[in-house]
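One structure is given below, encoded as structure tokens.
Below, each value reflects all heavy atoms present in this structure, side chains not excepted, and no hydrogens, waters or symmetry copies. Order of the sequence lines sets the chain letters (A, B, ...), proteins ahead of strands, with each chain counted from 1. From a predicted model like this one, the values you see are computed outputs, not experimental measurements.
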Amino acid sequence: MTRHRGRGIASVNYPIGMNLGGDPSQALVHSNPSGKFTVALSSIDLGQGMKSVTRQICAETLGVPVEDVYVDTADSDTGPHCMGSFASRGTHRVGNAVMAAAREARGVMMEAAAEELEVSAADLETDGRGNIHVKGAPHRSISTKDVAIAAQFKQGKTISGRGIFLVPLSNVDPETGEMSPATCYAHACLVAEVEVDDETGEVTMIRMDSAYELGRALNPRLVEQQLVGGAWMGVSHALYETPEPYYPDPVHGPRDFVEYIMPGPGDICPHDIAVLERPAPDGPFGAKGPGEMCANPVLPAVANAIFNAVGVRIDDLPITPEKVLRAIKAEGGARPQARR
Amino acid sequence: MAKTALQFRHNGSDVAIFVDGGTNLLVALRELIGDMTPKFGCGQGGCGTCSVLIDGELHLSCLTLAETVAGRSVETLDSLKQGPNLHPLQRAFAENFAAQCGYCTPGMLMAAKALLDRNPSPSRAEIVEAISGNICRCTGYEPIINAILAASGGRVSA
Ligand code: FES
Ligand code: FES
């Protein structure tokens, strides 16, 4: 028995949002009598951090502290329509919708503040700490809370805003196939190092090194968290998970977590990540999105690393020990490739 | 079916319930006691999110017959709360971004507590071993391992 090391590389050019567009998301922002703001979304935060990021986007656009914004998600009874949390579209599509809604609400807030301070709204600015003041005269100021109270109880105004973001559906030219699949792309490159046991067919992850270009990282710690976790979802798809192990024959499918295999804490390996920020012109504050794309480069990188290690090309996922072993047998033994 | 009276300590308080024969501890805790902190993931011992401590030892509540805890002490994630203050493990999980969807978190925290209670300064390998019965879909485990290291005063890897 020999354990062979191999290294594989893959890169991704990842279109943000639904292919060809046509996938709207909406947001509503309103102020409460407490001076706090609510963002109503039907978009779902599955743990990827959309609630935190939309909160930051709303606070930044309104010019208020992030603590003053509450985001209400995942309810189509109370939130406006969203196409969904997929295709790395949350930050880009929902973020843009929140930004538009917050901009409209900010307009009303500044008008209401102008009325209270008896100046023109164009002369006002927010300090990001919960106050609105006359440009160049910070002492002529009013808190956003007092503005919210005055707007509602005195002026009879609603400080609110509506936002939608839609990349219009691109038509495909039937003659040439010409189309516009996406308006912005994230990029990634990942190197995977594996060890393949030529007696058992088992593949062990040794290390990963990656670089991700995802527009501006609005919340760097959340981005890192998504990249760390997402890479392991990629490993899981590459090596373990499948609902149809003997596709198309449905018998002997997995029934539980003992048969539907996912990596455990003992399977992980070091992963060095570099994040490159190239702000997208049409992203909220330049953000694209790391969500789904971070799992993608792992699969081809691992498949390439296995080829590099034992010289077998497996194009059917997941790359189980059984498949590796059968392929090695068919080749008459492991054939390690030149080390890259 | 005849019900059995069952008394045990639940997070430091005495509780008494009536259970059907065959009721598992997870169902007893969630449906009869109303403690929703242990989660149902698989109901058959494969995921670890239902983990609780019985007399200080880590157990899968979905595989434990409720009647077997008679007279014993059961601690769930709910026992970690201290008013508005976070338990050091909870704080470490938050600071190290060790939860995303959060579904595995109750089990991870209880497995971590069981470990730190018997071994206050575990090695990384001991932490991996301690949470090896728990599956996480989201985090890739690294942040969870780091959080437990941080809570035990250990050095967190980059
Ligand atoms: S619910 Fe008990 S181990 Fe999954
Ligand atoms: S945080 Fe989602 S399963 Fe662990």
Considering all heavy atoms of both residues, which atom of Arg137(B) and which atom of Glu241(A) are nearest to each other, and what is their separation?
NH2-OE2, 2.5 Å

Does CD in Glu60(A) sit with more than 12 non-hydrogen atoms of other residues, nucleotides or ligands closer than 6.0 Å?
no

Name the region of Ile131(B), side chain, backbone, both or neither, that has any atom closer than 4.5 Å to a heavy atom of chain A.
both

Does Phe18(B) CZ have over 12 foreign heavy atoms under 6.0 Å away?
no

Give a yes or no on this: more than 12 heavy atoms of other residues, nucleotides or ligands lie within 6.0 Å of atom CD of Glu202(A).
no

Give, as side chain, backbone, both or neither, the part of Met233(A) having an atom under 4.5 angstrom from any heavy atom of chain B.
both

Take atom CD of Gln7(B) as the centre, draw a 6.0 Å sphere, and report whether it contains more than 12 heavy atoms from other residues, nucleotides or ligands.
no

What part of Ala99(B) is in contact with chain A, defined as an atom under 4.5 angstrom from a non-hydrogen atom: side chain, backbone, both or neither?
backbone

Could you give the distance from CD (Gln225(A)) to CG (Asn96(B)), rounded to the nearest 0.5 Å?
10.5 Å

Given that the side chain runs from C-beta out, which part of Glu259(A) has a heavy atom under 4.5 Å from chain B: side chain, backbone, both or neither?
neither

Would you confirm whether Tyr141(B), through its side chain, and Trp232(A), through its main-chain N or O, come within 3.5 Å as a donor-acceptor pair?
no

Is there a side-chain contact between Glu224(A) and Pro143(B), using heavy atoms and a 4.5 Å cut-off?
no

Leu46(A) versus chain B, heavy atoms under 4.5 Å apart: side chain, backbone, both or neither?
backbone

Indicate yes or no: at least one non-hydrogen side-chain atom of Pro265(A) is less than 4.5 angstrom from one of Ile144(B).
no

Do other residues, nucleotides or ligands put more than 12 heavy atoms under 6.0 Å from Arg255(A) CZ?
no

Which one of Ile127(B), Asn134(B), Val128(B) has the most heavy-atom pairs closer than 4.5 Å to chain A?
Val128(B)

Grab the two heavy atoms, one from Val228(A) and one from Thr139(B), that are nearest each other, plus how far apart they are.
CG1-O, 3.7 Å

